[in-house]
Undergrad: 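Input: one structure, supplied below.
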Number of protein chains: 2
Amino acid sequence: MEKAIEVLKKNHYKVTKQRKDLLEFLNKFTVQYVSINDIADYMRSLYPGISNNTIYRNLKEFEEIGLVEYQEKDKTLVKYQCDFEHQHHHHFVCKNCGKVTELKACPIKFFTDQLPGYTVEGHALEVYGLCADCTKKLKAE
Amino acid sequence: MEKAIEVLKKNHYKVTKQRKDLLEFLNKFTVQYVSINDIADYMRSLYPGISNNTIYRNLKEFEEIGLVEYQEKDKTLVKYQCDFEHQHHHHFVCKNCGKVTELKACPIKFFTDQLPGYTVEGHALEVYGLCADCTKKLKAE
DNA sequence: AAAGTAAATGATAAATTTTACTATTTAACA
DNA sequence: TGTTAAATAGTAAAATTTATCATTTACTTT
């Protein structure tokens, strides 16, 4: 949490109550995504008249400075990004329980090899299915 | 085009004028994506009172039977999928000219290896940057 | 500590995107 | 040609996101 606030300061963003509370809530979601709706509900419980603007803008700003990630396939879902170093990685998302598993290896060379002369600036990747726990559970049934 | 209509028939969809015109328009976008807005503008030019419903529903149905693909990062963009065999592949999207290059190799094994016990049902991948032509052009400047 | 300044927020509204509903039309098929 | 089920139009509304601007607040400087 203090780290996140330092990131805010380093990027010349003001540390407001709203942002602190938003970060504190987001902090619970490092292992799975949370919907913007749920975030809005929470923030409205603290600030009954909070503006949509404030929520959407802050999430977008948090993303820009690496505090938040949007899910690739569904931009209404976000998660907290505790890895401030922007270490490159991808996600496996369990369709059953929603758990997110980080994938450390990255196959980008795999693709650059297929694209001679191209400038590869980035890539988005998400793998989905069932995590080990859910695979077991659903097999048992 | 005839192929696409056959696909419609095989899936027990009716071949309506709207669907034929929609497919004909989509057929122009096999190499880059087109926005749903542009599609709607075109369809409205033919059918002034066409319902949004018709456009959105048909695009969704076309996707289900493999005639259309949505862009991973932006679901308001779609392209025609001429490869009816559902052959698995990924896309490189040029940020400058919008051209889409198909990537034939697929690194899924790369990830399944990292996920013992998991059930991997699918994955979404998109690589982006500049295509070879745009790389050359922009370097020259 | 107080004042000044720029940024953030609230409140409201609107724009955009997507979905829902139902009567009518139309394609498929006998 | 008539029947039937699916598709569409027309309308509306839901849902999501962005815009505007006056007010408030965090940060800085004195």
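So you know, we letter chains A, B, ... as the sequences are listed, proteins then strands, and number each from 1. Just so it is clear, the structure is predicted and the values come from calculations on it, not from any experiment.
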Undergrad: Quick check on C:dA7: is either OP1 or OP2 less than 4.0 Å from any side-chain nitrogen or oxygen of A:T16?
TA: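 No, A:T16 has no side-chain N/O under 4.0 Å of OP1/OP2 on C:dA7.
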
Undergrad: Do the side-chain N or O atoms of B:K60 get closer than 4.0 angstrom to the phosphate oxygens (OP1, OP2) of C:dT19?
TA: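 Checking C:dT19 against B:K60, a side-chain N or O does come within under 4.0 Å of OP1 or OP2.
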
Undergrad: Below the 4.0 Å mark, does D:dT8 have OP1 or OP2 next to a side-chain nitrogen or oxygen of B:N58?
TA: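 So the side chain of B:N58 is within the cut-off, an N or O lying under 4.0 Å from OP1 or OP2 of D:dT8.
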
Undergrad: Whether A:R44 and A:D41 form a salt bridge (side-chain N of Lys/Arg under 4.0 Å from carboxylate O of Asp/Glu) is what I want to check.
TA: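 A salt bridge is present here (some side-chain N lies under 4.0 Å from a carboxylate O).
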
Undergrad: Between C:dT19 and B:R57, is there an OP1 or OP2 to side-chain N/O distance shorter than 4.0 Å?
TA: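 Answer is no, no contact under 4.0 Å.
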
Undergrad: Does A:K9 make a side-chain N or O approach to OP1 or OP2 of D:dC27 shorter than 4.0 Å?
TA: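 So the side chain of A:K9 is outside the cut-off, no N or O lying under 4.0 Å from OP1 or OP2 of D:dC27.
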
Undergrad: Determine whether the aromatic ring centres of residues A:F25 and A:Y42 are separated by less than 6.0 angstrom.
TA: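 Yes: the rings meet the under 6.0 Å criterion.
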
Undergrad: By nearest heavy atom, map B:N52 and B:H12 onto DNA chain D; which one lands nearer the 5' end?
TA: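 The residue mapped nearer the 5' terminus is B:H12.
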
Undergrad: Any side-chain N or O of B:Y56 below 4.0 angstrom from OP1/OP2 of C:dT19?
TA: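 No, no such contact exists.
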
Undergrad: Do any side-chain nitrogens or oxygens of B:T54 fall under 4.0 Å of OP1 or OP2 in D:dA9?
TA: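 Affirmative; the distance criterion is met.
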
Undergrad: Looking at D:dA15, I'd like to know if its phosphate oxygens (OP1 or OP2) sit under 4.0 Å from a side-chain N or O belonging to A:N37.
TA: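 Indeed not, no polar side-chain atom of A:N37 lies that close.
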
Undergrad: Looking at D:dT11, I'd like to know if its phosphate oxygens (OP1 or OP2) sit under 4.0 Å from a side-chain N or O belonging to B:S51.
TA: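 Negative; the distance criterion is not met.
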
Undergrad: Ignoring backbone atoms, test whether A:Q18 places a side-chain nitrogen or oxygen under 4.0 Å from the OP1 or OP2 oxygen of D:dT25.
TA: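 Checking A:Q18 against D:dT25: no side-chain N or O falls below 4.0 Å of OP1 or OP2.
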
Undergrad: For this output row, return yes or no: ring centroids of B:Y118 and A:F92 closer than 6.0 angstrom.
TA: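 Yes: the rings meet the under 6.0 Å criterion.
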
